[in-house]
Participant: 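Below is a structure I'd like to ask you about.
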Amino acid sequence: MIGRRGKALILAYVAFLTVLFLMCSTDLIIREPEREVYQIAVIIEDVRDDNYVNFRKGIEQAAMEFHGDVQFITLYKRLDGDQQIELMSREQQDGAHALIIIPADEERVVSALAQGQVSVPVVLLGSGQAGEGAAGTIAPDHKAMGERLAREMAVRMDEGCQAVIFEETGRKSAMDRLFLEGAKDVFDQEGIRWMTVRAESTGPALSEAVLALGSRGREEGRTMILAQSTELLTEIAGIFGENHGLFGAGASGKTREYGPGQAGSLEGAPSSHGGVGGLYGRGSTLGVLNYLDQGLITGICVTDQFSLGYRSVEMAIQALEAGGGHRRLKLDSYYIEKEDLRRPEYEMLLYPVE
């Protein structure tokens, strides 16, 4: 038989366990301070987000850790600066606490911030300008990426080899302009002949230009291709994948000379030592990495897109909580070839875990 004293001890023990449970599992006794959830709008410069898979993973990770609610917004027309400014105004009016912007028109966005058209903190990504009025700027060195790829091409080019730069038609982003400027500067410094071919990233014109280039000669390494954008790089690699034998070999003909910095056209310019000896570009989409693994892409320059997304959200929330100042962060870039795909130090860079 349990006496009164024993029953009291049991009841006290049960009460203690109940209180302990309530303290651990609820806020009925110790109420934790509520953490504000920040509404953040990310507005990119493109109409689709294919090139932003790892970037979005970084954003989602940071949003979970820092209590952010992130909305990812694309444009209806690529590089439409007017629409992006309208979306910035709309998201601010709809209650966004901060904006993360990849500028479609860098000068327009920087001007809007300088004139005080946006009152919430703004983090600019990929911007070549300091962005007066922005809470922060995170920018890979796109000019250095172009320089690095051009140097990698140069060391593999024998005498008489030329570089062919495939550029998108229409207006270019600041990132594209800096990338191409870096590459062309190196080609000129090294005395390498280069020419520009302009084409849409989709459609028959690009295919015709690539096939014409690939079939201009028979001696491997005569021509090296540099693609301006991830889309062009992917499409060109796919064309070579569907037309075996053009990557590094071709038919005979005559050589047409172009001086350093002189743009030209592939039409009527066959080479007796043509063929494509290498394809280079930037980006780390799954398509690009697969083509690199197949040997259809020779080398790429990449940045840590996961960290870019993560740090942008972190910077935006720090601006909301601490306020003031302008932070500027530079991200490193990395040159990757096929054999680097399996290296442990690049695993998280190329294939970040969800």
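All figures in this text were calculated on a predicted structure; none of them were measured in a lab.
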Participant: Quick check: are there more than 12 heavy atoms from other residues, nucleotides or ligands sitting under 6.0 Å from CZ of Arg48?
Facilitator: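 No, CZ of Arg48 has 12 or fewer neighbouring heavy atoms, counting only those of other groups under 6.0 Å.
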
Participant: Show your working on side chain to side chain contact (heavy atoms under 4.5 Å, CB included) between Leu350 and Val302 and close with a plain yes or no.
Facilitator: CA-CA 9 Å; Leu350 301 174; Val302 301; 4.3 Å; yes

Participant: Can you tell me how far apart CG (Leu87) and CG (Leu75) are? Round to the nearest 0.5 Å.
Facilitator: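 So the gap between those two atoms works out to 6.5 Å.
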
Participant: So do Ile40 and Glu91 actually touch side chain to side chain, heavy atoms under 4.5 Å?
Facilitator: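 With C-beta onward as the side chain, the pair stays apart.
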
Participant: Calculate, to the nearest 0.5 Å, the distance between atoms CD1 and CD1 belonging to Ile300 and Ile336 respectively.
Facilitator: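 Nearest 0.5 Å value for the CD1-CD1 distance: 6.0 Å.
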
Participant: Would you say the side chain of Asp141 lies within less than 4.5 Å of the side chain of Lys143, judging by non-hydrogen atoms?
Facilitator: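 Result yes, sub-4.5 Å side-chain heavy-atom pair found.
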
Participant: Drop me the distance from Cys301's SG to Arg282's CZ, to the nearest 0.5 angstrom.
Facilitator: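 Rounded to the nearest 0.5 Å, the SG-CZ separation comes to 10.0 Å.
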
Participant: Would you say the side chain of Arg327 lies within less than 4.5 Å of the side chain of Gln318, judging by non-hydrogen atoms?
Facilitator: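 Answer yes - side chains close enough.
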
Participant: Testing the 3.5 Å rule here: is there a donor-acceptor pair between the side chains of Glu337 and Thr298?
Facilitator: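 No, no side-chain donor-acceptor contact under 3.5 Å.
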
Participant: Do the side chain of Ser312 and the main chain of Gly309 share a donor and acceptor less than 3.5 angstrom apart?
Facilitator: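 Such a contact is found between Ser312 side chain and Gly309 backbone.
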
Participant: Does the cation-pi check pass for Arg198 over Phe166, that is, NZ or CZ under 6.0 Å from the six-membered ring centre and within 45° of its axis?
Facilitator: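 The answer is no, since Arg198 fails at least one limit relative to Phe166.
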
Participant: For the atom pair CG (Asp304) and CG (Leu331), what is the distance rounded to the nearest 0.5 Å?
Facilitator: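 Rounded to the nearest 0.5 Å, the CG-CG separation comes to 7.0 Å.
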
Participant: Side chains of Ser173 and Leu79: does their closest heavy-atom pair fall under 4.5 Å?
Facilitator: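 Result yes, sub-4.5 Å side-chain heavy-atom pair found.
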
